[in-house]
Structure formats: structure tokens, C-alpha cells
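Comments concern the structure below.
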Amino acid sequence: PPVVGFLLTGILAGPFGFGLVSSVHEIEALAEIGVVLLLFTIGAEFSLKKLLEIRSFVLVGGAIQVVFTSLAVCLISIVFGRPFPEAVVLGFLICLSSTALVLKILQDRAEIDSSYGRITFSVLIFQDIAIVPMMLLIPLLADSGSVERESAFYVIGKAIGLISVVFILSRWIVPKVLTAVVKTKSQELFLLSVVVICFLVALITQTAGLSLALGALLAGLVISESEYSHQALGNVIPFQQLFTTLFFVSVGMLLDLQFLVHNFIPILIGTLLVILVKVMMAAPAGLALGFSLKASLLSALSLAQVGEFSFVLAKVGINNKILSGELY
């Protein structure tokens with residue numbers, strides 16, 4: 001997959017490779033735009049009608065995979081002596097898979113409508129939805145010993161307020177704005193309007209103390225309810241692909257090759273453990289939905305990697321001082 005090439009490019013060009021790029025912070029700023037656009041496009045592609053068609057697959061299969069994997073990773077982390085907040089965040093990070101990567105492979109193999117393809121697609125949708133409560137929960141874990149009930153209610157209140165804002169925007173404001181823009185017959189104005197909506201909602205969530213990426217996902221959902229959602233998506237995807245490329249390149253730049261060499265055995269064991277745990281915890285999702293063992297195992301193998309949103313959540317974990325730089 002091209003993502004491997006992007007990561008290798010970052011490793012070679014970064015400060016731990018040939019040192020062609022030393023100002024990683026500037027690259028990370030561009031990469032954050034990539035994450036915003038990536039989440040925006042996923043939100044725009046997300047259809048409530050599509051969800052209703054496969055709701056049992058999404059709710060049952062997705063919940064089994066996410067909950068089982070998170071609990072397994074959390075318990076294993078605690079056994080290895082990690083603090084409880086850190087163990088929970090690690091469970092969140094590892095339970096997620098790469099929506100973009102997996103769906104591209106399924107499409108290339110023309111297997112998205114196969115038995116295991118439907119299971120995989122359903123679980124990926126649930127994972128994308130689960131990112132929202134995960135982002136809300138991580139700050140609450142920062143001081144787990146002293147979290148007051150008011151702070152929990154405050155976060156829930158902000159979440160309800162944001163959902164209300166998104167509902168109002170998607171039902172009454174954004175469709176009228178886009179209709180007015182379309183009447184101008186200006187492609188440039190339409191693109192600018194979509195980008196402004198994306199970053200405006202993202203800015204609102206950041207101002208409310210929540211994640212910029214969460215806002216982008218909500219902005220995508222706002223656009224998805226408009227009759228011009230496909231046109232908006234078509235305009236944004238080229239930019240999303242460009243900036244998402246920078247995101248993966250910047251992740252590659254973070255890899256310290258000396259650290260990798262000095263910790264090769266623990267990293268190798270950790271990688272194999274992640275794959276094994278994810279396969280074992282994801283296979284029951286297909287079985288619970290009545291699919292064959294073969295389809296369930298194929299789906300579990302498809303979900304056995306860790307996704308790009310794990311890097312987004314990891315950043316939230318670092319910002320809240322739950323994850324250390326070494327662990328990251």
C-alpha cells in the first residue's frame with residue numbers, strides 16, 4: 001500500500017534518517033490539516049440511511065470487536081504494570097483499524113460485498129463512531145484519581161451542546177447556504193464554502209475544549225445531510241489525499257531508528273501481540289452475526305492492523321499527559 005511508502009519517505013527524510021527535513025513541527029502543522037480533512041471526508045461519506053440498512057451488523061459486530069479488544073489490551077497492559085488511565089488509552093488505540101486502508105484493499109479485490117467484506121465494513125463504521133466518545137473520555141482519565149462528577153457532567157453537556165449545534169446546522173443552515181452558493185455557479189466559491197464550513201465547525205469544537213479532529217468529523221456529518229454532499233466530497237478529496245500524505249510522512253519522521261534498533265525485540269513482540277489479540281477478539285464479531293468461521297477469520301485478519309486515527313488519539317493522550325513520549 002502507498003502508506004508504507006509515505007512512512008518510509010518520512011523515515012528517510014526526517015531528522016533520524018538523512019536529516020533532509022529538520023523542522024518536523026511545521027510538517028506536523030500541515031499533517032494536522034490532513035487529519036482534519038481525512039475526518040471530514042469520512043463524516044461526509046457517512047450516511048444515516050446506509051447505517052440503518054446494516055445497523056445490526058454495525059451495532060453488534062462493531063461493539064463486540066471494539067469492547068473485546070479494548071478490554072483485552074487494557075487487562076494485558078495492567079498485567080505488565082501500566083497505570084490504569086494509560087492501559088485504557090492503549091486499549092482505545094489498538095482496537096481501531098485503518099478505514100481508508102482496509103476499504104481500499106477490499107475495493108481493489110472487489111470483495112467489499114463479500115461476507116467478510118460486509119462484517120469488516122460494519123466494524124469499521126462502528127470504530128469511526130466510537131472515536132467520538134473515546135476523544136471525550138481521554139481527558140477525563142488524565143486525573144482519574146481526582147475527577148469530579150461536575151467535570152464529567154461538563155464534558156457530557158458540551159457533547160450534547162455540540163450535537164445540537166450539528167443538528168441545527170445540518171437541518172436548516174448549511175443546506176440553505178450551499179443552495180445559495182450553487183446558484184452562483186462558481187466552482188471556486190463552492191469549494192471555499194465547503195472548506196470554511198469544515199474548519200469553522202472544527203474551530204468551534206476546539207474552542208469548546210474538544211478535539212479539532214472531532215469537529216472535522218462533525219462537519220462532515222453536517223455536509224452529508226446536504227443534497228450537495230457528493231459534489232462537496234469530490235472537491236475536497238484531492239486536497240485530503242495530499243495533506244493526508246503529509247500526515248503519514250510526518251509520522252515516519254517521528255520514528256527514531258536508534259530507538260527501534262535498541263528496542264527491536266520488545267517492539268517485535270508487541271507487534272505480534274497486537275495482531276494476535278485483534279484477530280482473537282474480532283473473530284467473535286462475525287460468528288455472533290451468523291457468518292462462517294472462514295468469513296469471521298478473514299474479517300478479523302482484515303482488522304488486525306492499527307489505524308491512522310490511533311495517532312490522533314495518541315496525540316490527545318500525550319496532550320493530557322497520560323502517554324509518555326517513549327511509549328508513543
Side-chain angles (χ1 to χ4, degrees), residues 1-42 86 89-90 92-102 104-105 127 131 134-135 138 195 198-199 202 206 211-217 236-275 304-328:
V3 171
V4 177
F6 300 149
L7 293 171
L8 289 173
T9 301
I11 293 168
L12 293 173
F16 302 110
F18 293 118
L20 301 176
V21 178
S22 56
S23 54
V24 181
H25 293 296
E26 283 79 358
I27 296 292
E28 284 183 342
L30 291 173
E32 192 163 9
I33 296 174
V35 173
V36 166
L37 291 174
L38 180 64
L39 281 160
F40 175 76
T41 53
I42 283 182
E86 187 181 284
V89 173
L90 284 173
F92 289 166
L93 301 183
I94 292 174
C95 79
L96 299 176
S97 306
S98 175
T99 304
L101 205 61
V102 175
K104 185 179 186 307
I105 292 170
Q127 289 180 359
I131 293 166
M134 287 176 185
M135 283 182 173
I138 288 176
V195 171
C198 170
F199 284 93
Q206 190 181 46
S211 167
L212 196 71
L214 173 61
L217 186 69
V236 170
I237 278 180
F239 296 97
Q240 177 252 311
Q241 291 172 338
L242 174 64
F243 284 105
T244 304
T245 298
L246 286 173
F247 169 68
F248 287 114
V249 170
S250 71
V251 169
M253 288 180 180
L254 296 174
L255 180 62
D256 187 337
L257 292 175
Q258 286 188 337
F259 184 87
L260 175 64
V261 171
H262 293 153
N263 298 275
F264 183 73
I265 299 300
I267 289 171
L268 180 63
I269 293 170
T271 303
L272 294 174
L273 195 61
V274 165
I275 294 170
Q305 85 299 126
V306 174
E308 58 274 359
F309 295 133
S310 298
F311 291 106
V312 179
L313 287 180
K315 284 285 187 184
V316 178
I318 286 177
N319 293 340
N320 286 278
K321 298 178 180 178
I322 295 174
L323 300 180
S324 65
E326 183 181 358
L327 184 64
Y328 177 69

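- For the pair Val249 and Val21, the minimum side-chain heavy-atom distance is 4.5 Å or more.
- Taking 4.5 Å as the limit, every side-chain heavy atom of Val89 sits out of range of all side-chain heavy atoms of Asn320.
- Looking at heavy atoms from C-beta onward, Ile138 lies in side-chain contact with Leu313 at the 4.5 angstrom threshold.
- Here the straight-line distance linking atom CD1 of Ile269 with atom CG of Asn263 works out to 11.0 Å at 0.5 Å rounding.
- For the atom pair CG of Leu257 and NE2 of His262, the computed distance is 11.0 Å after rounding to the nearest 0.5 Å.
- Heavy atoms from other residues, nucleotides or ligands lying under 6.0 Å from CZ of Phe199 number more than 12.
- In terms of heavy-atom proximity, Pro15 sits nearest to Met253 at CD-O, 3.9 Å.
- Closest approach of Ala216 to Ala202, counting heavy atoms only: N-CB, 3.9 Å.
- Between atom CG of residue Leu12 and atom CG of residue Leu20 there is a gap of 8.5 Å, rounded to the nearest 0.5 Å.
- For Phe16, the CZ atom sits in a packed shell: over 12 heavy atoms of surrounding residues, nucleotides or ligands are nearer than 6.0 Å.
- When all heavy atoms are compared, the tightest approach of Val306 to Leu93 is CG1-O, 3.6 Å.
- Side-chain atoms of Met134 and Val316, non-hydrogen and from C-beta on, never get closer than 4.5 Å to each other.
- Among all heavy-atom pairs drawn from Val36 and Cys198, the shortest one is CG1-SG, 3.8 Å.
- Here the CD1-CZ distance, from Ile11 to Phe6, works out to 13.5 Å after rounding to the nearest 0.5 Å.
- Thr9 contributes atom OG1, which lies 11.0 Å from atom CG of Leu246 (distance to the nearest 0.5 angstrom).
- To the nearest 0.5 Å, the span separating CD1 on Ile131 from CG on Leu96 amounts to 5.5 Å.
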